[in-house]
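Heads up, the thing below is written out as structure tokens.
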Amino acid sequence: MEYNFREIEQYWQKEWKARKTYKVETDPSRPKYYVLDMFPYPSGAGLHVGHPLGYIASDIYSRYKRLCGFNVLHPMGFDSFGLPAEQYAIQTGQHPAVTTAQNVARYREQLDRLGFSYDWDRQIVTSDPEYYKWTQWAFLKMYDSYYSFDENKARPISELVARFEKSGTEGLNAACTERMEFTAEEWKTMDEHRREDVLFNYRLAYRADTTVNWCEGLGTVLANDEVVNGLSVRGGYPVVQKRMKQWLLRVSAYAERLLDGMDRLEWSESLKEIQRNWIGRSTGAQVFFGIKGCDSKLEIFTTRPDTIFGCTFMVIAPEHEMVGALTTDDHRSEVEAYLEETKKRSERERMADTKRVSGVFTGSYAVNPFNGVEIPIYISDYVLAGYGTGAIMAVPAHDSRDYAFAKHFGLKITPVVEGGDLSVASYDAKEGCMINSDFLNGLDVKAAIEKMFAEIEVRGIGCRKVNYRLRDAIFSRQRYWGEPFPIYYMDGVAYPLSEDKLPLCLPEISDFRPTSSGEPPLARVQGWHTAEGYPYETSTMPGFAGSSAYYFRYMDPHNDKALVSPEANAYWRSVDLYVGGIEHATGHLIYSRYWNKFLYDIGVVVEDEPFRKLVNQGMIQGRSNFVYRINGTNTFVSLGLKDQYDTQPLHVDVNIVKNDILDIEAFKTWRPEFADAQFILEDGRYVCGWAVEKMSKSMYNVVNPDYIVENYGADTMRMYEMFLGPIEQSKPWDTNGIDGVYKFLRRFWRLFFNGDALNVSEEAPTPKELKTLHKTIKKVREDIENFSFNTSVSAFMICLNELGDCNKRSVLEPLLVLLAPFTPHIAEELWHRLGYEDTIFDAAYPKFNPDYLVENSFEYPVSVNGKMRFKKEFALSAQPAEIQPAVLADPQMSKYIEGKQVKKVIVVPGKIINVVVG
RNA sequence: GCUCGGAUGGUGGAAUAGGUAGACACGCGGGACUUAAAAUCCCGUGGACAGCAAUGUCCGUGCGGGUUCGAUUCCCGCUCCGAGUACCA
């Protein structure tokens, strides 16, 4: 009987659905395990080949954990709000809800064909009002909270109001946009408008006038992680800086906890590193410089207080609040011209010419608090308003940017650390001996920094300060297809909708463009206001809003009273294993952690980190093929001969190339212009060139997963994707190797049959067979735990090679169970042919629990990493006296053991490989 | 620029508390079975040299050094490739 994957897969997919095999219930009597995939945005293009890689890995892991007796939550859903559906709507008038529903259905179908063990009863869709109700709810909670650094957690805003009423801002240690100082009396005299402004300075979800990334092409603002190289990630449109009133989340309040929390996470070091860099903690000093002829002070931040004696000028950002005050009348016109010029430059232009030095002198002088020297104050856009205090002390001798500026404007360069050649470049290294620095002279840099911190505090001119690069997240988008804000306005003051009014549903509209005055699409809607007629906020939430806490919703997806019930949350807690792409390192994975910590602070959830272990699957790249056309002809020359001609490489569809040999007939019909193509062959064949590139239609290297499933089956597809290489690694898809896996499954299938009849022996296994079996179980189990699926597939192949034609039930049955996570359909089919009624996942535990099998494998030596190593017992049992002559005969070894006592010798046939001496 | 990661046959990749480098698979070559094809099975396959042969010798994990009886693995210095970040003071 032949292996008919089509029939088997269709049958079991239907059967699993009917039997509800993958339905999961909260069950405190069993240990839980939560495996989550990053849910996809259901794009019109369907599931692309990169997706299955991670999904297959997580599915294997989920199924394996089930076999080990865990109650596994492995859900799937769709991140369905977002720009593409709306862009499509603008072009076609098709409502995003309609497109989204179609795409979701298509994804479901594609996912189901791969045989995943999702509990679809728990599916969530972020654009569903039942779901986004909880996104809006969390937003209201953030609106209603501030961050206390004393308690190091979020607290209700009412506590802050009570505090203001009692003692104003005195002794307040809270996260805020800008430092404020007022007394209780002053608070009491403030009107509603003013109080709201003050509270927005502290709320975790707040509205503020800020400089934002404005994308004209998309007609909306974007968060920092949505902009790369001055272009929008979606669409690649230019982004400019613009001041606008926006909603923001005070993510920066959590910077320290986001940093600390990472120590406890099993994430790859590289991913942690990316987050650390993004958060960008740096310790330095805040120092006040006096201003000549003026009482006010200029506040700067520096990580190099040791170089303060080398400070020869100051620079403030063009947006700095003291620009006006510092500019003297005789410099005013130049300063204004400069400000005008910088405003016009887009973010991209600014980035493009970081080499260009620009700036203008204000006419004012600061006074160095340590030596009283007067130094000029400049304005330049190389100083950012959003970081530190927006002002720096410039030390051209030891900072390359200050150096470039000083050279350009002919400013003084005073070295204060020995080393480097200042005629060529600044000396930025944090090592060397201090000079020209009064009381620091002779110290090394590190000691000088410490001494300076102390001195600054003693003199009362500043303090030690930690700064973060992490900015608050801009939370509003001028779009239609997102969660509406549960906010309305009365006389220009924002008010929250009460919780019982949620969800605030997105109204139906037919025109998705911004209004002519540049307002978001929701501004077109006539009835977009409260029952009393107060207008709702017209912007909507960004893409990351719906994905920040979705993993809680899977725990209790149909609960309309709470995001998640305390019982369900107490059981499932947090995600044990999260699988997804590394591209979310500075977006989703930061926002989720922030969101989770906030929910933890307000007592809604029990864990303060969302994803305990995280695996980043690599990208699947394309493997393109090329043909070489001789210039000016329609003749194509094979790879090996192309250098004899003047040729041009052309991409050719990989689906008409097999093992780099071109199917010439298929090529001629591929496109009309090649119908009469001529070929120069080598050895009678046309050999194509190849290269690894991005998988894309224009390079004709796209392989559709549906095609693979159709021709080889989902089991082969699953196993082959794992076999391609380490899961974290990016690798090209090459269909040519798939036969190896397909062959393996057919061979395995044939072990069970003699002709069409099941032919399984009840005989006891031989020691050799048992050894092979146990070796395989141990290896595969270890590999799954380590997420090394490519080597576990190899282990199965080795096992089959070693078993020969063994058809014993006692051997095949455990193997079937071990194989089931990888290739569930074929395993299930054979399992039932062996006479089982229940599905493999319901019946196998605990008899075939991999742990049980490993524990019972002690009598047989076991291979490690596929390489046979002799067990310790063997090595120790060899008497040193017997080994001695052999060891001494080996020239290398005899030198090694000279005069020492041999404790242990490891021998392979004909060779000594390890001798342990005492 | 800074930070992190990587480099092993024709190809994808195994093997790192230092111990037979190239498992497994693809491809390729040869053979069996077949009218033929497909499918299946068997043998060979890093390079060079020697031998009729079994086999033997030498060289080989990006480059150059070092530590060690022994290095793909550890250390130092490079080269190239990839990723993140980008005036963060």
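On a predicted model such as this, the values are computed, not experimentally measured, just so you know.
Checking the phosphate oxygens (OP1, OP2) of B:rA25, a side-chain nitrogen or oxygen of A:N801 falls inside 4.0 Å. The phosphate of B:rU40 has neither OP1 nor OP2 within less than 4.0 Å of any side-chain N or O from A:R747. The side chain of A:N736 places no N or O atom within less than 4.0 Å of a non-bridging phosphate oxygen (OP1 or OP2) of B:rU11.
Side-chain atoms of A:W278 lie closest to B:rA86 of the nucleotides B:rA86, B:rA89, B:rU40.
A donor-acceptor pair shorter than 3.5 Å can be found between the side chains of A:D660 and A:N625. A donor-acceptor pair shorter than 3.5 Å can be found between the side chains of A:D783 and A:T791.
With ring centers used as reference points, A:F787 lies under 6.0 Å from A:F789. With ring centers used as reference points, A:Y378 lies under 6.0 Å from A:F405.
With A:L815 as the fixed residue, the side chain to side chain contact (heavy atoms under 4.5 Å, CB included) test singles out one of A:L800, A:I777, A:L803: A:L803.
As a whole-Å value, the separation of A:F744 CZ from B:rU40 P is 14 Å. Here the C1' atom of nucleotide B:rA89 and the OH atom of A:Y378 are 18 Å apart, to the nearest Å. Regarding A:L384, its CG atom lies at a distance of 10 Å from the P atom of B:rA89, rounded to whole Å. As rounded to whole Å, 19 Å separates atom P of B:rA25 from atom CE of A:M722. Here the P atom of nucleotide B:rC28 and the CG atom of A:D739 are 11 Å apart, to the nearest Å.
Residues in residues 687-696 of chain A take part in these side chain to side chain donor-acceptor pair (under 3.5 Å) pairs, two or more places apart or across chains: A:S624-A:E693, A:H651-A:E693, A:S696-A:S698.
Stem list for RNA chain B (at least 3 consecutive Watson-Crick or G-U pairs, distances under 3.5 Å): B:1-7 with B:79-85, B:10-12 with B:24-26, B:27-32 with B:40-45, B:46-50 with B:55-59, B:62-66 with B:74-78.
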